[in-house]
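Structure first, commentary second.
Ligands are counted one by one from 1 in listed order, and the atoms in each one are counted from 1 as well. Numbering of residues begins at 1 and proceeds along the displayed sequence.
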Amino acid sequence: MRSIILIAPPAAGKGTQSDMLVGKYGFAHISTGDMLREVAKHDESIKSKLENGELISDDIVFSLLRDRLKSTDCKKGFILDGFPRNVNQAIKYDEMIKDLDVTSNVVIFLDVDKELACKRIVGRISCPDCKRVYNDMIPESMPKVSGKCDDCGGILVKRSDDNSETFGKRYDVYYENTAPLINYYEEKGILYKLDSGMSKDVVFSKIEDILANLND
Ligand code: AMP
């Protein structure tokens, strides 16, 4: 079972690359943000933290993740999108996977500059049914029919935290907590850095190269 961690500032294309990886390799896509947005539907305190761009406690995040990794769709491998968010979560995660049948553990860092990331986030829309992500400001990422999912016909929605104000907060939280993860994984020798300002297909082919060279 392959563990693929995608690390990136908000709107670097984690969701898009995850969809492409699921399609090609049959991995499970695990987005802690998506799981938490589900919980927020019936939990006011989590809902307000998400709206303010604050991180949710490790207890809640790990309990959701532990349950999710037991699912059979994780057997081939899984992509972690939005997790770990800081070095403390990374250390706890390394402990946790000792008990799992993880054959390779790889970390892909998708880097993108702030201006492009802001443009991506303000235009981001997604399908609530199949979770596919689009962007109505970037031509290559627009749906074929405005407001409708190409795959399942779902009505596309905008996340309430995808505005330039919350974006600034989330980008700052990213730098404060997540950037040290890059050093952590670099020192472990399992980090691959990619420039996510390139087109999604170019980024994806670079990820394919990384996976093709793993020894498992
Ligand atoms: P995302 O969809 O990854 O951008 O996450 C949206 C929001 O969910 C974040 O701004 C945090 O409030 C929360 N969140 C997602 N993943 C985590 C995590 N690993 N630890 C703590 N909070 C998280």
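In the vicinity of E54, heavy-atom distances shorter than 4.0 Å reach the ligand 1 atoms 11 (C), 12 (O). The distance from ligand 1 to the heavy atoms of Q89 drops below 4.0 Å at these ligand atoms: 18 (C), 19 (N), 20 (N), 21 (C). Residue contact check: R37 has heavy atoms under 4.0 Å from atoms 2 (O), 6 (C) of ligand 1.
Summarising the geometry of L181 relative to A90, their closest heavy-atom pair is CD2-CB, 3.5 Å, with the distance given to 0.1 Å.
Geometrically, ligand 1 and L50 share no nitrogen or oxygen pair separated by less than 3.5 Å. When only interatomic distances are considered, the shortest N/O to N/O separation between T32 and ligand 1 falls below 3.5 Å.
Between the side chain of K158 and the backbone N or O of V122, at least one donor-acceptor pair lies under 3.5 Å.
The nearest heavy-atom contact from the protein to atom 15 (C) of ligand 1 is R85 NH1, 3.5 Å. For atom 22 (N) of ligand 1, the nearest protein heavy atom (residue, atom name, distance) is I56 N, 3.0 Å. Protein heavy atom closest to atom 14 (N) of ligand 1, with residue, atom name and distance, is L36 CD1, 3.4 Å. For atom 4 (O) of ligand 1, the nearest protein heavy atom (residue, atom name, distance) is R170 NH2, 2.7 Å.
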- What's the verdict on salt bridge (Lys or Arg N to Asp or Glu O under 4.0 Å) for D151 and K144, showing C-alpha distance, side-chain angles and the deciding distance? CA-CA 10 Å; D151 291 344; K144 291 191 183 98; over 6 Å; no
- Message: Before you tell me yes or no, could you show the steps for K75 and M1 under side chain to side chain contact (heavy atoms under 4.5 Å, CB included), namely the whole-Å CA-CA distance, both residues' side-chain angles and the distance that decides it to 0.1 Å?
- Response: CA-CA 6 Å; K75 288 270 180 283; M1 173 161 79; 5.5 Å; no
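Here the CD1-CG distance, from I97 to L69, works out to 9.5 Å after rounding to the nearest 0.5 Å.
For F62 and Y93, the ring centers are positioned 6.0 Å apart or more. A centroid separation of 6.0 Å or more is found between the aromatic rings of F167 and Y174.
A salt bridge is absent between D19 and R132: the closest approach of a Lys/Arg side-chain nitrogen to an acidic carboxylate oxygen does not fall below 4.0 angstrom.
The proximity of V61 to ligand 1, defined as any non-hydrogen pair under 4.0 Å, is limited to the side chain. Within the 4.0 Å heavy-atom criterion, neither part of E51 lies near ligand 1.
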